[in-house]
Amino acid sequence: MKIISNLTLILLLATPSLACYARDEAGELCSEIESFLASVKPDETRVLTLRTYWGARQEGDQIVMGSKTCEHNDYEPGRKLCTYLMEHSSTEFAGYNAKRILNCLAPKPGIGPDLNIHSGSFSATFGSPDRGALVDLDVSPDKEPGEMVLRLQADGY
């Protein structure tokens, strides 16, 4: 019985820190997304593409379980967001990445935890009515089984 009590105590103490970590990570992502979107000038379009693969396949003489690439079209704010996403995004769940980005763009409380995204197209606005960006987010299967593509496009106004 003492083992269960100690385990319960550990879980109770760890749960708030896990929630804080998730909020901090969400805040970091939202800050990175906002920096990217705010950088898009009026009448300018910027696109960022995150490609993920989950599954075993041969690349050269090695077998890899998953991979990620991020295309930013040599746009410095896009490169910065790509750098963040390469380290802080899911390789196996592209829909989860889309959901996290949508939660940055949606009014609070955002999208609930029970909603799973497998593919879809979403549109939102960022900024004010006078200056901002029209944002399109698409997540869909890519060319090969196990490959997914997440595309974030911002059209400045």
Side-chain angles (χ1 to χ4, degrees), residues 15-57 59-60 62 64-157:
T15 301
S17 20
L18 291 174
C20 288
Y21 174 76
R23 270 194 306 277
D24 290 346
E25 188 179 76
E28 284 180 38
L29 171 65
C30 293
S31 178
E32 295 290 337
I33 295 288
E34 289 170 11
S35 292
F36 172 74
L37 296 176
S39 73
V40 180
K41 295 176 180 66
D43 300 320
E44 184 176 73
T45 297
R46 297 296 179 173
V47 178
L48 179 137
T49 306
L50 178 66
R51 295 180 191 282
T52 58
Y53 169 75
W54 185 247
R57 71 175 166 192
E59 288 186 8
Q62 295 183 1
V64 297
M65 259 318 279
S67 62
K68 283 190 264 194
T69 61
C70 192
E71 302 157 16
H72 49 77
N73 301 307
D74 293 324
Y75 182 57
E76 183 58 27
R79 185 200 58 76
K80 189 173 181 250
L81 180 54
C82 274
T83 298
Y84 180 85
L85 291 173
M86 289 298 290
E87 187 171 332
H88 300 282
S89 65
S90 174
T91 304
E92 56 273 55
F93 302 110
Y96 178 69
N97 298 329
K99 186 173 161 178
R100 289 179 61 216
I101 293 170
L102 287 171
N103 274 328
C104 292
L105 299 171
K108 298 300 175 218
I111 300 170
D114 293 338
L115 179 72
N116 292 315
I117 297 172
H118 298 287
S119 66
S121 266
F122 309 90
S123 295
T125 56
F126 171 82
S128 70
D130 299 325
R131 170 76 179 91
L134 302 174
V135 181
D136 290 315
L137 179 68
D138 299 301
V139 61
S140 60
D142 208 358
K143 302 169 196 119
E144 300 292 324
E147 292 179 338
M148 294 292 287
V149 62
L150 183 145
R151 186 173 173 269
L152 177 66
Q153 177 174 317
D155 295 309
Y157 62 83

### Task
Answer yes or no: does atom CZ of F93 have more than 12 heavy-atom neighbours from other residues, nucleotides or ligands under 6.0 Å?
no
### Query
Quick one: CD1 on I33 to OG on S35, what's the gap to the nearest 0.5 Å?
9.5 Å
### Message
Working note: L134 + T125, criterion side-chain contact (heavy atoms from CB on, under 4.5 Å); need CA distance, chi angles, decisive distance, verdict.
### Response
CA-CA 5 Å; L134 302 174; T125 56; 3.7 Å; yes
#### Entry: Closest non-hydrogen atom pair, Y157 against F126
OH-O, 3.6 Å
### Task
Output the distance between atom CD1 (I117) and atom OH (Y96), rounded to the nearest 0.5 Å.
11.5 Å
### Task
Any chance you could measure C82, atom SG, to F36, atom CZ, to the nearest 0.5 Å?
8.0 Å
### Query
Can you find a pair of side-chain heavy atoms, one from S67 and one from E59, that are under 4.5 Å apart?
yes
### Message
With heavy-atom distances below 4.5 Å as the criterion, would you say the side chains of K41 and D43 are in contact?
### Response
no
### Query
Under 4.5 Å between any side-chain heavy atoms of N73 and R46, yes or no?
no
### Query
Can you name the side chain to side chain donor-acceptor pair (under 3.5 Å) partners of E87, sequence neighbours left out?
none
### Query
Backbone N or O of G112 within a donor-acceptor pair of the K99 side chain at under 3.5 Å?
yes
### Message
Would you say that M148 contacts S140 through its side chain, given a criterion of any heavy-atom pair below 4.5 Å between the two side chains?
### Response
no
### pair L150-T52: side-chain heavy atoms closer than 4.5 Å
no
### Query
Would a 4.5 Å heavy-atom cut-off, applied to side chains only, mark L137 and L105 as touching?
no
### side-chain contact (heavy atoms from CB on, under 4.5 Å) between D155 and V40, worked out
CA-CA 7 Å; D155 295 309; V40 180; over 6 Å; no
### Query
Does some side-chain heavy atom of N97 sit less than 4.5 Å from a side-chain heavy atom of V139?
no
### Query
Do you know which two heavy atoms are closest between L85 and K68, and how far apart they sit?
O-NZ, 3.7 Å
### Query
Between D142 (side chain) and V149 (backbone), is there a donor-acceptor pair under 3.5 Å?
no
### Query
Between E71, E147, E144, which is the residue that forms a salt bridge (charged side-chain N to carboxylate O under 4.0 Å, His left out) with R51?
E71
### Query
Between Y84 and L29, which heavy-atom pair has the shortest distance, and what is it?
OH-N, 3.4 Å
### Between OG1 on residue T69 and CG on residue L50, distance to nearest 0.5 Å
7.0 Å
### Task
Measure the spacing between CD1 of I101 and CG of L48 and express it to the nearest 0.5 Å.
8.0 Å
### Task
Taking all heavy atoms of T91 and all of Y53, pick out the closest pair and write down the distance.
CG2-O, 3.3 Å
### Task
Only one of K80, H72, R79 passes side-chain hydrogen bond (donor to acceptor under 3.5 Å, both in side chains) with E76; say which it is.
R79
### Query
For the residue pair A38 and R131, what are the closest heavy atoms and their distance?
O-NH2, 3.5 Å
